[in-house]
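I have placed the structure first, in the form of structure tokens, so that the comments after it can refer back to it.
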Protein chains: 2
Amino acid sequence: MRRVSINPADPRSPAEQIADDLRTEITSGELPPGGRLPSERQLADRYRVSTTTAVRAMERLRDEGLIDSKAGAGRFVRRPRQLVRVGSDRYARWRRSAGKAPFQAEMEAAGVEWRQEVLELAEVPADEEVARWLAVEPGALVWVRRRRTWAEGEPTQLADSYYRLDVVADTTIMQEDTGPGGGHARLEEKGYRIIRFREEIRIRMPSNQESRDLHLAGGVPVAELYRVTYSTNDTVVEFFRSVMAGDRHVFSYEFEAPE
Amino acid sequence: MRRVSINPADPRSPAEQIADDLRTEITSGELPPGGRLPSERQLADRYRVSTTTAVRAMERLRDEGLIDSKAGAGRFVRRPRQLVRVGSDRYARWRRSAGKAPFQAEMEAAGVEWRQEVLELAEVPADEEVARWLAVEPGALVWVRRRRTWAEGEPTQLADSYYRLDVVADTTIMQEDTGPGGGHARLEEKGYRIIRFREEIRIRMPSNQESRDLHLAGGVPVAELYRVTYSTNDTVVEFFRSVMAGDRHVFSYEFEAPE
DNA sequence: CAGTGGTCTAGACCACTCA
DNA sequence: GAGTGGTCTAGACCACTGT
């Protein structure tokens, strides 16, 4: 057994020293992606610290997103994630007329195997935020499509679309399959010309529920994306709210230099 | 001393039960922002668990961004953060001609007290990424402006701008103060008409160094923003790389529906 | 100076994995 | 069945805070 010593003169705490050592091994490639780290007991032994301290060192790396743990099996260097690019041309009308919904277009352009799981289709009372954007009274009934999208067999996004009831009446937006081009195409067929989008992104750590639903590893943040879809006269025809796995997305925007 | 019991039949672990109780007190407002949580010993006493378990419960809340700790003083409910809006019109030419750099314009529009701290102005060898974007050989010397921006007395962003040496020669981009309109205005004066921007956002947890530099509390993610500034003929005149505090920013974009 | 958070010790038990 | 991660106990010492 190789022995290494904690340096008590080092201003870094023992756990931090161990974490730094392991991090170096990982970033240098000495511990390759998928590679297994020493067990808690091995590490505690090697540095002559308690197992608790060894565990705290490795929890640090987990919180940085460098390693994953599998109970009963070990801790492993995380493999770099496949990223889904979320680009600013995803709302292009030509994509819609080609029969693609925004995210579908994105995924297929990147050659990513993709599917959508519809979690809920229902009339629900509007919460504060939904009510404000859809210009209805809080508590008024609105239509919600809740779904989870998957890419390459992994969940990537929890996406909820809200609509005023009169807007989606008699459209396939109330059904599982909205048909080619997605909800936006149906809205345009009904006469709502879509002219503008506004979106906001915030970032934060996930709740426990979100962690489970998105199969997030420890230390992976999420992006909260809000989108408001405007029709003529600034009518809001859709309010979209989604939670996206932070390690599986990159947001990409392109602008002309505006005058 | 109020006593509460852990329920051993509950599938949640003791630490999780305690965290859930405290979370309820916080979100219900019973424990208001700025309010102080029970100390480790008090909490351990109240639930009849070891201090370690009480600490783990509160670490959970810290990692969710709900509480802050101050050694020697206590743990406190975090106050909601002031957000800096990062909007898609920040690169507008009219702002530049009004003498505003992109982020400066953003801050001032929101009435936020703002300043920039220049950390480094130097010739440095280009790393892989910088070289690729600026179309130079890796290792070739490029100009870097490293700075930290502050809003309302708090650091918000670590921002590095990279330029080819010939592009910035004889401009104030090599000095502390770039003058009105910022670096982009100087580039245009030198004849580089700025026509397009491309930016990418990724989200992740901060490194230790970034945590310190941005005064991040536990459990606060960061956004990594890359920006490439194009001049005519798709010449790249600037590569910008920044790390932004996740709890202090909201990204906002507006698009017309492209054809 | 009493109390606090931060970190540590030296174990323990459980549910799980893998050969 | 040996080894593993996850979580826990019942303390301990230190540097720091606020009165």
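Protein chains get the first letters and strands the later ones, always in sequence-line order, with residue 1 at the start of each.
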Considering every strand and a 4.0 Å limit on heavy-atom distances, what is the contact class for [X]: base, sugar-phosphate, or nothing?
X: R41(A); result: base
X: R36(B); result: sugar-phosphate
X: S13(B); result: sugar-phosphate
X: S39(B); result: sugar-phosphate

- Message: Please verify the inter-ring angle class for F239(A) with W133(A); under 30° counts as parallel, over 60° as perpendicular, anything in between as tilted.
- Response: parallel
- Query: Do the side-chain N and O atoms of Q17(B) and Y47(B) include a donor-acceptor pair separated by under 3.5 angstrom?
  - Reply: no
- Message: Which is more 5' along DNA chain C, the nucleotide nearest E16(A) or the one nearest K70(A)? Just name the residue.
- Response: E16(A)
- Note on the structure: Comparing nearest nucleotides in DNA chain C, the 5'-proximal residue of the pair S69(B), T53(A) is S69(B)
- Under the ring pair (Phe, Tyr, Trp, His ring centres under 6.0 Å) test, residues paired with W150(B) that sit two or more places apart: H215(B)
- Using a cut-off of less than 4.0 Å, is there contact between a side-chain N or O of Q42(B) and OP1 or OP2 of dG3(C)? no
- Query: From the 5' end of DNA chain D to its 3' end, which nucleotides mark the outer limits of contact with chain B, defined by a 4.0 Å heavy-atom distance cut-off (strictly under)?
  - Reply: dT7(D) to dG18(D)
- Query: Do R145(B) and V118(B) come within less than 4.5 Å of each other through their side chains, counting heavy atoms only?
  - Reply: yes
